[in-house]
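In what follows, chains are A, B, ... by sequence order, proteins preceding strands, each numbered from 1.
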Amino acid sequence: MRFEKEVEILAPREKVWNFIWDVDRFIACVPGCKEAKTVEAGKRYSATMVEKVGPFRVEFPTTIEVLETEELSRIKAQASGADNKIGSRMKIELNVHLREQDGKTMLGFVAGVDILGKLAALGHGIIKRKADQVLDEFAQAVKKQLEGDS
Amino acid sequence: MLRRFRLEEPETVREVSELLARFGESAKVYAGGTELLLAMKEGLVQYERLINVKKLTGLNEVKLDNGTAHIGALCTHRQLETAPVLQQRLPALMKLEKNVANVRVRQVGTLGGNLCFAEPHADPGILLMALGAKMVAEKSSSKREITAEAFFVDAYETCLEADEMLTEIQVPVPKAKSGVAYLKFGYLERPSVGVAVALTLSDDGKSVGDIKIAVGCAGPAPKSVPESEAILKGKSTDEAVHRLAEAGEVAGRAARAISDLHGSQEYKEHIVGVLLKRAFQNAVSQC
């Protein structure tokens, strides 16, 4: 599944860039994300993703690896995790890009998400819809965090 | 493999509600089990306790009272497809029940269970919505009626409170000069689009007096489409037929269709329009 989202933030690019690397504040914006830890600053992080669709609940202990960075403009990362209880795996390839426009920052995400295992029985459509909701909530939370304290 | 669980066997709705309140998310109501047990066997959900409601009395009957069919939540699909009350007064619902899944599922699966599991591709909720049905939910201290529109919240989610149990479905019997049609499209037993139309013509039979339209299976949950109803309501049947394409487009968008292996969003929206047109004409022909 591929997801694309761009959000306009009324804040300079440096501020948005610094926010992304502030793990505690950034993770607070990801719905269902908890226990985020820095394993190796700028390179490796860990977190647990918890999501629920009706009675179905998944908990993915996730490793996030930063693959490439380009100061103030681009981050490429990969996240993967497995929920052994329900026998499912998740893999996300994430590209984050920032560009400045009239004093504002356009923060864009392109994510390729693969869900493997029994969770897929819920159906591609339902999982995609949930992921869309998570991405929307995340984008709004980032905007609120950055614009709220300017 | 099904993991170990404890089976509770309450004898009254009050006891069911108390068990639900006491054990919270670790317990689940179990009736036919056609969907719940599959999900448990797959390990997608785990419950420490199942509350077997099959032994509760009085919840597996269909009665007609004052123009309303009262369907006990524990009625199986098979029971409903053969119920004389439905055959005479709600043939569209009977026909739908006849086509739910397969005979093995219909033999044990209950209407209440189907509605409460709220699987997005389940279709009874769509027709019940167009028929103006109400769900009766009970808990230890109270009882309330919920419209079908309010009942379905999202995929696999209803508005039932944690300690509530669905006990009855009340379906108003269509009046004279009424027609009801439910049409679905899909692969094998799994509908990917479902459209229901329930309408009443004016006394002279020339215009659409009242109409209810509901769509489902394409999106996360059944949905009524008042915008499409408004396009057709009050119009002469000839004019309504000419405006079906417009009503179908509106209904397609309202279905909140999701692209998946059964078809793209655009394709499902188109099918909603096609089915709405056919269901409308079918319903009018019954009046």
Side-chain angles (χ1 to χ4, degrees), chain A residues 1-5 31-32 34 48-62 80-93 109-141, chain B residues 1 3 20 24-30 35-48 50 113 115-122 152-160 162 186-187 190-193 216-221 255-265 267-269:
Chain A
M1 289 175 284
R2 187 182 156 90
F3 300 90
E4 281 191 50
K5 182 106 199 150
K34 59 177 192 176
T48 301
M49 295 290 292
V50 182
E51 278 308 335
K52 212 168 169 259
V53 176
F56 306 104
R57 185 179 184 275
V58 284
E59 189 166 330
F60 288 113
T62 307
S80 57
D83 184 329
N84 293 327
K85 261 191 187 169
I86 66 162
S88 295
R89 283 183 291 137
M90 167 191 77
K91 191 177 161 197
I92 303 174
E93 276 188 22
F109 306 92
V110 179
V113 180
D114 288 325
I115 304 279
L116 305 164
K118 289 177 183 171
L119 187 62
L122 281 186
H124 167 265
I126 297 301
I127 295 172
K128 184 169 189 309
R129 191 166 172 274
K130 183 71 193 178
D132 267 332
Q133 281 174 1
V134 169
L135 199 59
D136 273 349
E137 280 175 41
F138 168 67
Q140 287 314 311
Chain B
M1 196 181 76
R3 295 187 195 188
L20 285 170
E25 288 198 344
S26 67
K28 193 78 176 170
V29 169
Y30 159 55
E35 294 177 293
L36 177 69
L37 293 187
L38 274 183
M40 286 177 73
K41 276 182 193 165
E42 282 296 318
L44 286 165
V45 285
Q46 289 166 34
Y47 296 104
E48 287 168 21
L50 289 190
L115 299 172
C116 290
F117 200 74
E119 208 274 337
H121 291 90
F152 296 103
V153 175
D154 209 334
Y156 304 101
E157 277 182 48
T158 68
C159 73
L160 284 181
Y187 180 65
R190 197 176 164 86
S192 49
V193 177
C217 300
R256 298 175 292 169
I258 302 169
S259 296
D260 60 16
L261 294 173
H262 298 275
S264 67
Q265 179 190 332
Y267 177 70
K268 290 181 184 179
E269 286 177 359

Under 4.5 Å to a heavy atom of chain A? For B/Glu25 that would be side chain
What distance do A/Lys130 atom NZ and B/Asp154 atom CG have between them, rounded to the nearest 0.5 Å?
-> 8.0 Å
Please report the shortest heavy-atom distance between A/Val53 and B/Tyr156, naming the atom on each side.
-> CG1-CD1, 3.9 Å
Counting heavy-atom pairs under 4.5 angstrom with chain A, the leader among B/Ala257, B/Ala118, B/Gly43 is B/Gly43
Roughly how far, to the nearest 0.5 Å, is CD of B/Gln265 from NZ of A/Lys128?
-> 8.5 Å
Provide the closest heavy-atom pair for A/Phe56 versus B/Val45 in the form atom of the first, atom of the second, distance.
-> CD2-CG1, 3.5 Å
Heavy-atom nearest pair, B/Pro120 first then A/Ile126, reads CG-CD1, 3.6 Å
Other residues, nucleotides, ligands: >12 heavy atoms within 6.0 Å of A/Gln133 CD = yes
Atom pairs and distances, side-chain donor-acceptor, residues 81-92 of chain A, under 3.5 Å, sequence neighbours left out:
residue	atom	partner	partner atom	Å
A/Asp83	OD1	A/Lys85	N	3.0
A/Asp83	OD1	A/Ile86	N	3.3
A/Asp83	OD2	A/Glu59	N	2.7
A/Ser88	OG	A/Lys118	N	3.4
A/Ser88	OG	A/Leu119	N	2.8

